[in-house]
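Right, one structure below, let's go through it.
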Amino acid sequence: MASVELEGLELRYPNGVQAVRGLSLAVADGEFLVLLGPSGCGKSTLLRLVAGLEAPDAGEIRIGGERVNERPPQRRDVAMVFQNYALYPHMTVRANLAFPLRMRRLPRAQIARRVQDTARALGLEALLDRRPGELSGGQRQRVAMGRALVREPAVFLMDEPLSNLDARLRLQVRGEIAELQRRLGVTTLYVTHDQVEAMSLGQRVAVLRAGTIQQLGAPERLYERPANLFVAAFLGTPPMNVFRVALEGAGSAPVLRLGAARVPVPALAAAPAYAGLRPEAFRLAARYPELPAVEVRAAVVERLGPEQVVWFDAPAAAVDPLAAADTPAPRMAARLPPAPALAPGESLDLAFEPAAVHWFDAGGRALARPGT
Amino acid sequence: MRRTLTTGLRHAALLVSAAAFLAPVAFLVVGSFKPEGRILADAGSWRAFFPAHWTLDNYRDVFARVDFVRFLLNSLLINGAMVLSGLAVNSLAAYALARLRWAGRPFVLGLVLATLVVPFEAIAVPLFYGLSAIGWRDDWSVQVVPFVANPLSIWLFYVFFAGLPRELEEAARVDGAGVLRTFLTVVVPNARAAFATVAIVTLLFYWGMYLWPLLMTAGPHARPLPLAIATFYTLPPLRWGDILAFGTLMVAPVLLLFILFQRAFVRGVAATGIKG
């Protein structure tokens with residue numbers, strides 16, 4: 001077990017793509033840290049840098065306080081679970097599990113014992129003499145986990161280990177991974193593009209974009225206090241509704257307009273350019289007469305069981321912060337309780353707490369509200 | 001109905017072309033069992049592929065006139081050494097070209113491919129003079145070493161290695177294997193198809209080699225089979241039956257190996273089974 005520190009990492013691929021730029025990150029001993037971001041954000045590259053499968057152009061990688069830049073992968077004491085498992089197709093499950101131990105020249109008896117223990121812990125005992133080609137996706141995933149576990153490495157690296165499983169199995173294995181990591185207390189770096197995975201597994205989550213960390217913190221902190229528009233929009237399903245701020249009242253206190261609703265702009269560090277509202281910030285106005293409300297027409301209603309998501313034509317200049325600068329987003333979303341059931345075309349009044357509004361400056365950075 | 005017709009036509013065309021390719025081999029084998037007088041007499045008719053009188057005289061002649069076993073052992077030694085060392089050298093070279101990162105790699109790859117177009121005859125004489133000057137001639141090793149590194153083999157391996165999923169090797173590296181161990185324990189077992197292919201290609205190409213052994217050897221002690229067959233043309237009496245019998249004996253081992261390797265080849269492809 002060991003801490004992992006990355007300092008000022010830079011990596012440009014031969015094709016000119018800058019995969020990682022000036023990235024620093026410290027993972028505490030025993031911590032479960034998730035790297036979250038869209039494809040191409042550099043999260044897998046970061047994992048490969050720690051494993052030693054890529055060499056950084058600049059910066060330092062430390063495992064357990066020791067610089068490992070110059071060490072080849074086999075001398076870093078890390079174990080990796082690959083997205084498509086990378087099981088050795090010509091070896092049985094037993095031989096796959098034994099491989100990392102054989103490479104370390106452990107005594108035969110000890111190898112057999114540890115393979116047996118790991119197989120038992122993961123429920124693989126009945127499969128030990130099969131080959132990967134004869135296993136189901138879930139079983140292969142388990143073998144891949146076993147091959148990483150059997151060695152008791154200092155650091156676990158997991159590269160989207162659940163992305164090849166169906167939804168149900170993913171849920172199950174996700175729980176198992178969380179439990180396993182808690183029990184073993186091995187420092188873990190986990191890469192995913194799935195925010196639910198990130199939020200449910202990570203003690204801390206680092207949101208990446210274009211090779212830089214956008215925000216690092218506890219999952220609920222990222223959700224409640226996103227540092228910028230990207231994080232705000234990347235976390236949450238449906239994503240945060242973001243719209244350009246139209247102020248009124250020159251000379252007097254500035255006021256935000258959203259349809260007929262008026263929200264006084266609080267004292268911020270700078271003039272806000274964008275405002276954001278989570279879909280769950282909306283309520284049906286009839287029950288909250290004291291809150292500002294906006295009248296909208298439901299365009300699409302998704303009835304999900306415990307809730308319904310209502311998409312409506314944006315009553316303000318909504319934008320899609322994940323797309324190129326200021327791409328208009330024609331619709332906004334509200335998450336409402338399942339009753340009363342709404343139908344497309346229906347008009348409704350949506351209210352929201354003024355305090356639920358997130359404010360961002362022209363560069364997309366979050367503006368802290370007073371007292372937060 | 002129409003489909004049956006086209007399938008029938010296609011099968012007929014395949015049969016005709018197969019017959020065209022097999023005819024010389026059949027002529028060779030059948031002729032080797034005929035009495036000397038019938039071979040040329042039958043050559044113009046269907047009887048060429050049909051022995052009326054079987055005889056083993058030609059085979060008895062072959063063993064009486066040359067030391068067949070000696071030549072066979074020479075050929076097996078030379079080609080065996082060539083195939084085995086070729087597999088080792090060329091697969092390692094191809095792996096370095098396909099996977100390792102080093103300065104000048106694209107240049108070296110280009111150079112290897114460029115040598116593909118240089119015919120051996122163009123370098124045979126300078127090579128002969130060079131090796132003679134250092135006194136290296138007239139043994140089996142001089143018939144092997146100059147041909148071990150082979151651009152075609154390197155290219156075949158290179159294409160195959162480049163197509164292997166990289167994650168397998170990366171997993172092995174992280175699991176604790178160095179580059180060479182990764183190659184031996186993970187790459188080679190999953191590249192059996194490539195090894196079988198290169199072995200067959202190498203063997204087929206060099207089994208019938210004639211010019212180089214003729215230049216480099218002086219007597220039967222180090223000469224391979226193709227040079228022995230020439231003695232039947234040069235030493236009277238000229239007997240076609242002997243030549244056909246010798247030819248049959250010369251082709252048989254390669255054919256046998258080919259059939260064995262072909263099985264390994266198919267199994268290799270099936271066993272790789274690399275999919276998500």
Side-chain angles (χ1 to χ4, degrees), chain A residues 13-14 44 47-48 50-55 71-91 95-106 131-135 137 140-141 143-144 146-151 153 155-160 163-165, chain B residues 91 95-110 157 160-197 263-276:
Chain A
Y13 279 121
S44 288
L47 217 56
R48 297 169 57 82
V50 176
L53 297 171
E54 304 284 348
R71 286 195 209 162
Q74 68 267 29
R75 289 188 45 232
R76 293 194 180 192
D77 200 16
V78 299
M80 187 153 169
V81 179
F82 290 80
Q83 183 172 0
N84 48 16
Y85 316 138
L87 300 176
Y88 309 122
H90 59 293
M91 297 181 191
N96 265 282
L97 292 177
F99 188 82
L101 304 177
R102 264 178 45 219
M103 291 302 120
R104 279 173 178 68
R105 300 182 205 292
L106 261 57
R131 296 201 181 193
E134 304 167 275
L135 303 181
R140 285 184 210 183
Q141 207 282 337
V143 177
R147 194 175 62 186
L149 282 171
V150 74
R151 244 173 65 195
V155 181
F156 264 149
L157 306 172
M158 303 197 191
D159 190 1
E160 310 221 11
S163 61
N164 284 346
L165 301 179
Chain B
S91 65
Y95 190 67
L97 287 167
R99 285 293 201 253
L100 305 186
R101 291 173 201 171
W102 39 284
R105 187 176 63 126
F107 174 74
V108 173
L109 183 62
F157 277 125
F160 192 90
F161 293 155
L164 281 180
R166 220 176 253 272
E167 287 83 14
L168 282 186
E169 293 149 66
E170 291 177 343
R173 296 301 308 281
V174 175
D175 279 346
V179 177
L180 192 61
R181 294 259 286 196
T182 300
F183 178 74
L184 293 175
T185 54
V186 173
V187 177
V188 173
N190 287 303
R192 272 177 291 186
F195 280 85
T197 308
R263 290 193 155 193
F265 179 86
V266 174
R267 218 180 317 128
V269 173
T272 316
I274 301 158
K275 43 180 190 166

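The sequence lines fix the lettering, A, B, ..., with proteins before strands; numbering per chain opens at 1.
- Within residues 175-183 of chain B, the residues approaching chain A closer than 4.5 Å by heavy atoms are, in numerical order, B:Asp175, B:Gly176, B:Ala177, B:Gly178, B:Arg181.
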Inset, instruction - Just do the side-chain contact (heavy atoms from CB on, under 4.5 Å) check on A:Tyr85 and A:Val143 with the steps written out, would you? - result: CA-CA 8 Å; A:Tyr85 316 138; A:Val143 177; over 6 Å; no

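- Of the possible donor and acceptor atoms, none in the side chain of B:Arg99 sits under 3.5 Å from a partner among the backbone N and O of B:Ala96.
- Two residues are said to be in side-chain contact when any heavy atoms from C-beta on lie closer than 4.5 Å; B:Phe161 and B:Asn190 fail this criterion.
- Neither the backbone nor the side chain of A:Arg76 comes within contact range of chain B, judged by heavy atoms closer than 4.5 Å.
- Nearest heavy atom pair, residue A:Pro73 against residue A:Gly52, reads CG-O, 3.5 Å.
- In terms of modelled atom types and a separation under 3.5 Å, the side chain of A:Arg151 and the main chain of A:Arg147 share no donor-acceptor contact.
- Neither the backbone nor the side chain of B:Arg166 comes within less than 4.5 Å of any heavy atom of chain A.
- For A:Phe99, the ring pair (Phe, Tyr, Trp, His ring centres under 6.0 Å) partners two or more places apart in sequence, or in a different chain, are A:Tyr88.
- Residue contact with chain B, scored on non-hydrogen atoms closer than 4.5 Å, is absent for A:Leu157.
- Residues A:Met80 and A:Leu53 have side chains in contact (heavy-atom distance under 4.5 Å, counting atoms from C-beta outward).
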